[in-house]
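Working notes for the structure below.
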Protein chains: 2
Amino acid sequence: MTDGVAERSRPRDRILETAQDMFHKHGIKGVGVDAITEAAGTNKMTLYRHFESKDELIIECLRATAAKASRIWDEFEAQHPGDKLGQLHAWVQKASELLSADSRGCDMANAAVELSEADHPARRVIKELKEAQREKLVMLCRDAGIGQAELLADTLSLLLEGARVSMQSVGSEGPSAQFVRMAESLIASFRAR
Amino acid sequence: MTDGVAERSRPRDRILETAQDMFHKHGIKGVGVDAITEAAGTNKMTLYRHFESKDELIIECLRATAAKASRIWDEFEAQHPGDKLGQLHAWVQKASELLSADSRGCDMANAAVELSEADHPARRVIKELKEAQREKLVMLCRDAGIGQAELLADTLSLLLEGARVSMQSVGSEGPSAQFVRMAESLIASFRAR
DNA sequence: GCTAAAAGTTACAGACCGGTAACACCCTAG
DNA sequence: CTAGGGTGTTACCGGTCTGTAACTTTTAGC
């Protein structure tokens, strides 16, 4: 009995994909391994043959999610080849689409909130992946010819992070509704300096 | 055997205070009622005589936290009586202090992340409290004579929300380190319009 | 000091959790 | 056809969770 998410493929892939989806929707501590394997059309033993623990599965899910996000950057390059400023606007646009399409926020940020233990193995991974994403945005701003590239990138990061978490508290009609306007006027303001 | 948090006071107050602290530090799903009552120097039965369920306790904790935050607004008024712009700068300063003092973010936002069930009773409360806070900041911006008060208030909200969640992912050396600079230059920019 | 309410204590129910053992099955590579 | 690895199934372990029952002790008001 497979659900829509998991077609007939290798159990490991189905588990990974299903776990990503369920962790995202219900939170890491809100879903157990039994529920994941059942939704993936397999069983707990098979999960533990492929992942040595739930924590390992969590980490693999975060890596997979980050890899997906990373592929979006390639789209920007494909859509606006060489045009770094165009890619920055595409980033804003894509971020806005993300906000409209989904109100459960960023998996990595959510995981950081849920896994409050300072020494949880996933925290290293979260920090690494988030730092890599930050570096990408800084580079994009710099290549777009913006002077204070780090400051703009960090401001945009905080705005998006805030919008994604705000969605979860007050919904889509809250402050996050103005994200595009904020981001665009920020970019314009930094370009004018 | 009482710990530092809970002096000799009524059990209900000790439970509430201890629960606030532990929910904040370890997350709502990361701490059980037994652990709370033990840290509060009491027991589970007493908790359930004062709160009809853990969910009710969660809600009461959120209300108490919001009430504490609300009292900070009174400080602003006391420190800068009549000077709304000074109060806005005090808000930025206070937000920055919050970021430095604590890296577990906003209890309400964290609760919204953890309690992913759309119909969880705490979600109504979270939304109400967050909307009240937003309204306060909008009023402050408006009274400070800023034209696009809602937009500035929402931008500042998202920046702070983002900074508080970013702290939990990448730590205090990440984008949140620039919060004050971002906020101040935003205020300056809005005032110049 | 008596009484009644509040609080403490112990034990338990029922569910879920992460993780493992033992064994049967199937499917594919040789 | 056969051997072996991947997979499915069932049962279980020890622990933790929210919530309750029944009973004893302490506290506070009169």
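Quick note on labels: first sequence line is chain A, next is B, and so on, each numbered from 1.
Remark: side-chain polar atoms of A/N43 are not paired, donor with acceptor, to backbone N or O of A/T37 under 3.5 angstrom.
In the set C/dA7, D/dT10, D/dA22, C/dA7 carries the atom at the smallest distance from any side-chain atom of B/P11.
Between the C1' atom of C/dC16 and the NE2 atom of A/H26 lies a distance of 16 Å, rounded to the nearest Å. One interatomic measurement links the two molecules: CD1 of A/I15 to P of C/dG19, which rounds to 14 Å at whole-angstrom precision. As rounded to whole Å, 13 Å separates atom P of C/dC17 from atom CG of A/L47. To the nearest angstrom, C1' of D/dG6 lies 19 Å from NZ of A/K44. At whole-Å resolution of the value, CD1 in A/I28 and C1' in C/dC17 are 16 Å apart. When rounded to the nearest whole Å, the span between CD of A/E38 and C1' of C/dG18 equals 16 Å. Atom OH in B/Y48 sits about 11 Å away from atom P in D/dC17, given to the nearest Å. Here the C1' atom of nucleotide D/dC17 and the CD atom of B/E114 are 15 Å apart, to the nearest Å.
For C/dA7, one of the phosphate oxygens OP1 or OP2 lies less than 4.0 angstrom from a side-chain nitrogen or oxygen of B/H50. Note on A/T42: a side-chain N or O is less than 4.0 Å away from OP1 or OP2 of D/dG8. Between D/dT7 and A/T46, no contact under 4.0 Å exists linking OP1 or OP2 to a side-chain N or O.
Between B/E135 and B/R142 no salt bridge is recorded (no basic side-chain N to carboxylate O distance below 4.0 Å). Using a cutoff of 4.0 Å between basic side-chain nitrogens and carboxylate oxygens, A/K25 and A/D21 are scored as salt-bridged.
For residues 53-81 of chain A, the pairs satisfying salt bridge (charged side-chain N to carboxylate O under 4.0 Å, His left out) are A/E77-A/K84, with sequence neighbours left out.
Contacts between residues 52-63 of chain A and DNA chain C, defined by a heavy-atom separation under 4.0 Å, are made by A/S53, A/K54.
In this structure, A/K127 places its NZ atom where only 12 or fewer heavy-atom neighbours from other residues, nucleotides or ligands lie under 6.0 Å away.
The nearest pair of heavy atoms linking A/L140 to A/W73 is CD2-NE1, 4.4 Å.
Under the 3.5 Å distance criterion, with hydrogens and angles disregarded, a donor-acceptor pair is assigned to the side chains of B/K136 and B/S70.
The base of D/dG5 does not come close enough to the side chain of A/R49 for any donor and acceptor atom to sit less than 3.5 Å apart.
Along DNA chain C, the nucleotide nearest to B/N43 and the one nearest to A/M45 differ in position, and the one closer to the 5' end is contacted by B/N43.
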